[in-house]
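Take a look at the structure below.
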Protein chains: 2
Amino acid sequence: MTADAVARFRRFSRAVTREVGALDESFLGRGRPLGVARVLNAVGRGRTDLSGLRDELNLDSGLLSRLLRGLEAEGLVDTQVQRGDGRRRVATLTRVGRSEFEAYEALSDARAAEVLGRAPRPEALLAAMDLVATVLGRERIVLRTVSPDDPAAVHCLRAYYAELAARFSGGFDVASSRDPAVADMVAPRGAFVVALSDGLPIGCVALKGDGGAHAEIKRLWVAPSARGLGLARRLMAATEDAARELGVARLRLDSNSALTEALALYRATGWTEIDRFNDDPYPDLFFEKRL
Amino acid sequence: MTADAVARFRRFSRAVTREVGALDESFLGRGRPLGVARVLNAVGRGRTDLSGLRDELNLDSGLLSRLLRGLEAEGLVDTQVQRGDGRRRVATLTRVGRSEFEAYEALSDARAAEVLGRAPRPEALLAAMDLVATVLGRERIVLRTVSPDDPAAVHCLRAYYAELAARFSGGFDVASSRDPAVADMVAPRGAFVVALSDGLPIGCVALKGDGGAHAEIKRLWVAPSARGLGLARRLMAATEDAARELGVARLRLDSNSALTEALALYRATGWTEIDRFNDDPYPDLFFEKRL
DNA sequence: CATGATCTCTGACCTAAGTCAGGCATCCCG
DNA sequence: CGGGATGCCTGACTTAGGTCAGAGATCATG
């Protein structure tokens, strides 16, 4: 790694520490120390079991206990024993606690909106932030099987269509393509997998089945910010696993010669080119893979 | 600002807090608390006057005093009264202190190199980090007059040539253009101004004079990460001021129709198009401005 | 040169955060 | 059902970080 690259990285760290440090202190704006506020925040986001809280916030058992006592005294949380295991306990927000949690959320949102509002070219800034956050957090990218009308799926599909429109010389219009029925992309006929990085959808792929031994891969997309991380390969592998579990023996897909990265992936992972098998106007290349 | 944009911003903050938080703790890796390490770092970087240290690190006078006593006891810094004002004091690193400072630097460099080394497409990551850091730190961009052979200037010029090569349909080669002599771009004949964001050069402009009442603007460049911040305008204004102070009455410049942003700037800031005044092969548009 | 302002230092004090050992209730399993 | 493991709590203690008031030295100025 060159000295210049390291200097640029460190400059980034400094700039962001300054900015994000200020963000942290906004937690102090409500007269509660950071540690307590972090617990309130984690409980509000659904991390209610104490052992999970300790792991997530990296707290000593004694310290967490004390912080929770403080929040209880303020009337913000309740703790009860976990049903099923009397040793464990769970914390929940009271009504007051919930509104306090929301006040913190609103504060953070407002702070973020303010910084973004002052930025020129906010779209470029956000794209850069997505890239940085995705790369730094690439160990924590998770795949999840969802319905194609889940918001995360819809977000990916919209981005996928926009990208096709930009990359196909003649543009792209979903209406003139074959848009698979939702029922064909959920179990037991098919599947829809999204990749989430810290909650943000950054990739997807669909398995469209007909209930038999054949199924089709559709809608493989990876966000620009997540390219180069091997995510497409991971999505494809997950979908192949899902297909096997559904009893599918042969997969097909159609593609377009403008989608060079995808084609390289198919060729590198055991797909073989076959003849055209549909009359969709956009694809010009067709592949299959036996499982 | 849309909810989606705010969510993306906050995701970025979380990701970076995690990563940079870990970076902060690397300071703790040498058995010294963060506060002390920060003081050592600031002194090592040349911030030696105590009042400046207090401002920069946002420390109470008493606390700084105590931290410095600790560093003195370790034999890492010396403090003496400032010559000229016996109330003020300055801190300097001892030889041991200097090597300890360098150990911290090496540690931070190694940490940065490690993260970068694991990243796919490090150039894209760095470009995104530059953009984020420049935009977040745009209030702290400073202009500085330097010699054209200063490293910051050289960095900008190299990037400028590379950009011309990419944007001119026929490419660009400095050798076949007129490269001004260094002496024409330093006082009293001319000037060379760079823009620095937290030490990183992100823009430049040259004033090439011949000692008389005419001078020429050359080498106006702004890094991609810094576009949209009004930096070119600021650089041009600074150069015009410098020209006035050198007694220049009329400025000229040549440009190329591929450089649309620059042309828009010239037209918006009082420049008028004139006839070709040189036989350089690259420019096809010529401007002047009376001061 | 007297006076008020400025700068640094020290001592007293405080909070947040974290560590550690031991206690107690509950669970799991032979 | 008994004994070890698990999970949580409490009390005692430590460290880092920070605030505040006042002392002492030096400076600027009328």
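Quick caveat, the model's predicted, so the values are computed rather than measured. Reminder, nothing fancy here: chain letters follow the sequence lines and each chain counts from 1. All values below were derived from every heavy atom in this structure, side-chain atoms included, with hydrogens, water molecules and symmetry-related copies excluded.
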Would you say [X] reaches [N]'s phosphate, i.e. side-chain N/O to OP1/OP2 under 4.0 Å?
X	N	result
Arg69(A)	dC9(D)	yes
Arg54(B)	dC7(C)	no
Arg89(B)	dT26(D)	no

d([atom1], [X]; [atom2], [N]) in whole Å:
X	N	atom1	atom2	answer
Leu34(B)	dT15(D)	CG	C1'	14 Å
Arg88(A)	dC9(D)	CZ	P	13 Å
Leu64(A)	dG18(C)	CG	P	11 Å
Leu57(A)	dG18(C)	CG	P	10 Å
Leu67(A)	dT10(D)	CG	P	12 Å
Arg83(A)	dT26(C)	CZ	P	17 Å
Leu68(B)	dC9(C)	CG	P	7 Å

(Q) By the definition side chain to side chain donor-acceptor pair (under 3.5 Å), identify the one residue from Asp149(A), Asp150(A), Thr145(A) that meets it with Ser147(A). (A) Asp149(A)

Q) Hey, are Arg38(A) and Glu56(A) close enough for a salt bridge, meaning a charged N less than 4.0 Å from a carboxylate O? A)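 No, no charged N to carboxylate O under 4.0 Å.
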
I want to check something: taking the side chain as every heavy atom from C-beta on, are [X] and [Y] in contact at a cut-off of under 4.5 Å?
X	Y	answer
Val222(A)	Ile202(A)	no
Glu74(B)	Glu100(B)	no
Asp130(A)	Phe12(B)	no

Q) Looking only at heavy atoms, what is the nearest atom pair of Arg10(A) and Ser108(B), with distance? A) CZ-CB, 3.4 Å

Q) In terms of side-chain heavy atoms of Pro33(A), which of dA17(C), dC9(C), dC8(D) is nearest? A) dA17(C)

(Q) Let's see if you can work this out: which of dC9(D), dC9(C), dC7(C) has an atom nearest to the side-chain heavy atoms of Leu50(B)? (A) dC9(C)

(Q) If you assign each of Arg32(A) and Gln82(A) to its closest nucleotide in DNA chain C, which residue comes earlier from the 5' end? (A) Arg32(A)

Do any N or O atoms of the protein come closer than 3.5 Å to N or O atoms of nucleotides 19-25 of chain C, and which pairs are they?
{"unit_1": "dT19(C)", "atom_1": "O4", "unit_2": "Arg66(A)", "atom_2": "NH2", "d": "3.2"}

Q: Please round to the nearest 0.5 Å and tell me the distance separating atom OG1 of Thr94(A) and atom CG of Asp78(A).
A: 6.5 Å

